[in-house]
S.K.: 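Before I ask anything, let me first share the structure, which is written out below as structure tokens.
What you see is a predicted model, and the numbers here were worked out from it, not measured in a lab.
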Amino acid sequence: MTIDFSQYVSCLATDADHPHREALESSYHEASRVMSPRGLDNYLTGLRAMCTMGKGQDLVLTYAGEMPRVVKEVGEDIVPDIVEALMKLASHTSGTVITLIMASLPLAAGRLGDAEVLRGYLGLLHQLAGKAPRGLRPMMENIDELLSKLTLGGLRRWALWGAQAHQRDLEGQMAYFGLKTESARAVLQKERRGTLFVDNQRRLNFYLRALWARAFFMRPTSGDYESRQGLKPYIEDFQIHLPDAFDVWHGISGLEVYRAAAAHCAAHMVYTQARLSAEQLSPAQMRFIALFEDARIEHLAIRDFPGLKKLWLQFFTAPMTPDDDYDERHPMLDLMVRLAHALLDEDHRDGEPLVDEAAAAFRAELAVRPDDNRISWLAGVTFYNQATARLPLPNLRILEAWPQPYRDDNRYIWAFSENLFTERGIDYLPASQQQVRKYVSAVELANEVDVETAGDDAQEVWICATEFFPYEDEGISYNQIEGKEPVSEPYRYQEWDYQAQLFRPDWVTVLERRQGRGDPERMDEILTKHKPIASRIRHLIDALQPQGIVRRRGYEEGEELDLNAAVRAMIDIRRGLMPDPRINIRITRHLRDLAIVVLMDLSESTNEPTDADDPDSPSILTLTREATGLLAWAIDSIGDAFAVHGFASDGRHDVQYYRFKDFGQRYDDEAKSRLAGMKGGLSTRMGAALRHAGWHLSQQGATKRLVLLITDGEPADIDERDPQYLRHDAKKAVEDLRRLGIHTYCLTLDPDADRYVARIFGENGYSIVDQVERLPERLPAVFAALTG
């Protein structure tokens, strides 16, 4: 589906030839895969809002690229809230800070895990923008570490403490939020919680699925803004809501608390077949009835899975700590806790007749009709009447302060007049909003498709896996006639921030695309033009011992007799001389297990002539094409697996990656035509291109893998003013590839490259071509030295 972006991003040039259009289209296609039509409308409306804010095009492109990833984490309903929050921040802080906030939102959404919690996070940022505006930027630069250690409540307390402590000290404010002071680290350690939900959500899902063989939907909640208690677990809209963190409780680990809470809530959902009526009941009576209903569903769960008894019982038998408020507990609440223990453990005798009798009577009813929750209603009302006749009834706040942290607030078991108990959960999605995308053959598409012009709001979209060719011109497809370049899926890579000494996760977007074609004979003419160099390359090829059967002469033992050496030996014997015993030929099979990516820098500077004083001299791009053509011919003759790629960049949102020849593709007229049509433009974001080339190499099974980079300058891009930033990132990319077993070598045409290239690629990882016109002969020689 093609969309006119001009009405949404009037602040950007979005004509057909503008490179930002591909980045926007790629982001929109990604959004269409995860959003409904309503969500797409909100997404585009937000795009227009980002543009009208006047905070720069980087914010617009960041919003377009990052919002689909936020939606994947917490759903599309969050989009209007994010747009509103960013617009509120526009009057408090700069566009750079807002861009950082938008760029970090996918990380925050993944760590917080819930739309409502993310809304609380956005509210916190708005509050900080008024109290500590200088601290927002350093806080965003360290948000990965903060959210990996703190809940939203802990982050709130940490941030507000720093804002209050450094209210008028701007330098101290920036240092605190940048985690550069002892007080920042100390408060961080104080607010750090034991076990985070986001780190254990997957294992809890597997745990419940292993028990009941069905999926349960779990979401985190955050209620510990002012205290460390948090919210109780609860069930709402058929989803289990658990606190975003649990501390160790009386020696029981936070993970054990999560298991107990998740299993208890899941037992409610499995064994509750009908809701209990709450009519004519007081809140206190409902609390007593819920006590017996908890015991009923736990009894049924233990019947099916006896090991759950040990999991839940430890919360009643755990030893009290010196800080426990057991002595201050209200007598009525204490009586209820003792009854819960007796109901859970049939072997436990409390000693209080009221508790033991109530537990025995309820177990007798469970033996007769365990699936009928009305027994809980009757037992709860009976025990309420008996207990209130002996003890005063406290206020509801005391009754709800249940000491065992794993039990929920029981809202799930009650039916009120305004809601109905249905069988479907919140995960149900109407068929009209579901969309299926299928890749089909051309025959299926022609014969079966109902609507050829279906858009992204269609229920089912069919995509043709091959191209159509018109009958009148079989050599050109419809895509080529229309000139529509296919847009790849966005590839996102981290980038190293040397100042913060941390990776910026998913910071760079790489888009693969194709350049135009040229005349393939142009590549064949290169061999004729550089015939002396080609002749020397042929000798190099012979010296590299191509893959296959190799016969080596001059061995005393071997598989064949070397006839010439044998004749010479006989002549020496007749002359009375000592003959040379090395008269045999040894046959070996030589295997070259090598994969190489020739990666070309195709930035705007490659269009400059090699001689500034002679405008008719060949451009750097022309020499790069000639050198690559000679190298491709040489590698193809040897038989090694290789690919020829190129790159250029227009900011971190649009690193353009060109694939002229892929692994497994023959070096034929198609590959030659793409090399003949290569063009230069834009900037040089080297680290992202190296990581993507390394990803392509990682798909190859070769034992030796090499990225051979050809560049005419240092890393640079339009959105980075610090010249050291991209250099350090490129160095980090080289180190990361080395850990993956991928060697990187740079052939640079910059005569001043000594200043930076050794720090990026290492002392033995580069060569400088002082005379650019010698590149065609230097490149094959470098390849021979690296792989021979």
Side-chain angles (χ1 to χ4, degrees), residues 1-3 5 8-9 12 14 18-35 39-40 43-44 46-47 50 57-74 76 79 82 99-100 102-110 435 437 439 456 461 463 484-496 503-515 599 602 645-659 662 682-699 717-720 729 733 736:
M1 178 179 178
T2 302
I3 182 170
F5 287 102
Y8 299 106
V9 285
L12 299 179
T14 55
H18 199 279
H20 287 315
R21 182 174 183 82
E22 282 81 1
L24 290 172
E25 285 186 353
S26 176
S27 300
Y28 178 75
H29 288 311
E30 187 178 8
S32 67
R33 284 188 286 269
V34 298
M35 299 185 196
L40 279 176
Y43 171 75
L44 293 174
L47 194 63
M50 295 301 104
Q57 67 175 16
D58 196 29
L59 173 60
V60 180
L61 295 175
T62 302
Y63 171 89
E66 304 298 342
M67 187 60 76
R69 300 177 55 231
V70 177
V71 170
K72 286 181 183 179
E73 297 288 347
V74 295
E76 64 181 33
V79 175
I82 292 177
T99 303
L100 281 174
M102 185 65 236
S104 65
L105 276 182
L107 171 66
Q435 185 181 89
R437 289 174 173 257
Y439 284 86
D456 289 307
V461 176
I463 303 170
K484 181 62 177 177
E485 178 184 307
V487 179
S488 75
E489 296 287 334
Y491 298 87
R492 304 187 187 279
Y493 293 96
Q494 60 187 4
E495 197 167 76
W496 179 253
F503 278 111
R504 292 178 171 179
D506 297 333
W507 188 252
V508 184
T509 302
V510 176
L511 297 174
E512 290 187 351
R513 60 193 69 193
R514 298 284 192 182
Q515 288 195 351
L599 183 61
L602 300 179
H645 297 168
F647 73 95
S649 64
D650 191 17
R652 68 182 181 90
H653 301 284
D654 189 13
V655 178
Q656 303 177 13
Y657 195 90
Y658 312 108
R659 291 157 48 195
D662 290 324
L682 306 177
S683 303
T684 312
R685 207 174 194 101
M686 191 177 293
L690 286 172
R691 290 185 177 95
H692 195 58
W695 177 82
H696 279 287
L697 270 176
S698 66
Q699 311 304 307
D717 211 342
I718 59 172
D719 57 351
E720 285 298 336
D729 175 62
D736 293 342

S.K.: Can you label the angle between the His645 ring and the His696 ring as parallel, tilted or perpendicular, going by 30° and 60°?
M.R.: perpendicular
S.K.: Not counting sequence neighbours, which residues clear side-chain hydrogen bond (donor to acceptor under 3.5 Å, both in side chains) with Glu495? List them please.
M.R.: Arg685, Tyr725
S.K.: Distance from Ser27 atom OG to Leu61 atom CG, nearest 0.5 Å?
M.R.: 8.0 Å
S.K.: Among all residues two or more places apart in sequence or in another chain, which pass the ring pair (Phe, Tyr, Trp, His ring centres under 6.0 Å) test with Trp507?
M.R.: none
S.K.: With Ala648, which residues qualify under side chain to side chain contact (heavy atoms under 4.5 Å, CB included), at least two apart?
M.R.: Tyr658, Leu682
S.K.: Tell me the closest heavy-atom pair linking Pro490 and Glu30, and the distance in Å.
M.R.: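 Closest approach of Pro490 to Glu30: CG-OE1, 3.3 Å.
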S.K.: Holding to side-chain hydrogen bond (donor to acceptor under 3.5 Å, both in side chains), I want the full list of residues that pass it with Thr509, two or more places apart in sequence or in another chain.
M.R.: Arg492
S.K.: Should Gln494 and Asp736 count as side-chain neighbours, where that means a heavy-atom distance under 4.5 Å?
M.R.: yes
S.K.: Who pairs with Tyr493 by ring pair (Phe, Tyr, Trp, His ring centres under 6.0 Å), at least two apart in sequence or on another chain?
M.R.: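 Partners of Tyr493 under the ring pair (Phe, Tyr, Trp, His ring centres under 6.0 Å) test: His692.
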S.K.: Suppose we screen for side chain to side chain contact (heavy atoms under 4.5 Å, CB included). Which residues come up paired with Ala689, at least two apart in sequence or across chains?
M.R.: Leu599, Phe647
S.K.: Run the salt bridge (Lys or Arg N to Asp or Glu O under 4.0 Å) test against Arg659 and tell me which residues pass, sequence neighbours left out.
M.R.: Glu512, Asp662
S.K.: Is Arg504 paired with Asp729 through a side-chain N to carboxylate O contact shorter than 4.0 Å?
M.R.: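 Not counted as a salt bridge, because no side-chain N and carboxylate O are separated by less than 4.0 Å.
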S.K.: Tell me, please, which residues at least two apart from Tyr491 pass side-chain hydrogen bond (donor to acceptor under 3.5 Å, both in side chains).
M.R.: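 side-chain hydrogen bond (donor to acceptor under 3.5 Å, both in side chains) check on Tyr491 returns nothing, list empty.
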S.K.: Check side-chain hydrogen bond (donor to acceptor under 3.5 Å, both in side chains) between Ser649 and all other residues, then give those that pass, not counting sequence neighbours.
M.R.: Asp717
S.K.: State, with a plain yes or no, whether a side-chain heavy atom of Met35 is found less than 4.5 Å away from one of Met67.
M.R.: yes
S.K.: In sequence, state the C-alpha distance, the side-chain angles, and the governing distance for Gln515 and Leu602, and then conclude on side chain to side chain contact (heavy atoms under 4.5 Å, CB included).
M.R.: CA-CA 11 Å; Gln515 288 195 351; Leu602 300 179; 4.0 Å; yes
S.K.: Once you round to the nearest 0.5 Å, how far does CG of Leu511 lie from CG of Asp654?
M.R.: 5.5 Å
S.K.: Using only atom types and a distance under 3.5 Å, with no angle test, would you say the side chain of Glu73 pairs donor to acceptor with the backbone of Arg69?
M.R.: no
S.K.: Closest approach of Ser683 and Ile718, non-hydrogen atoms and distance?
M.R.: OG-CG2, 3.6 Å
S.K.: Could you tell me the separation between the CG atom of Leu40 and the CZ atom of Arg33, rounded to the nearest 0.5 Å?
M.R.: 11.0 Å
S.K.: Looking at every heavy atom in both Tyr43 and Ala64, which two are closest together, and how far apart are they?
M.R.: OH-O, 2.7 Å
S.K.: Of all residues at least two apart in sequence or in a different chain, which pass the side chain to side chain contact (heavy atoms under 4.5 Å, CB included) check with Thr62?
M.R.: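 If we apply the side chain to side chain contact (heavy atoms under 4.5 Å, CB included) test to Thr62, skipping adjacent residues, the hits are Asp58, Glu66, Thr99, Met102, Ala103, Arg652, His653.
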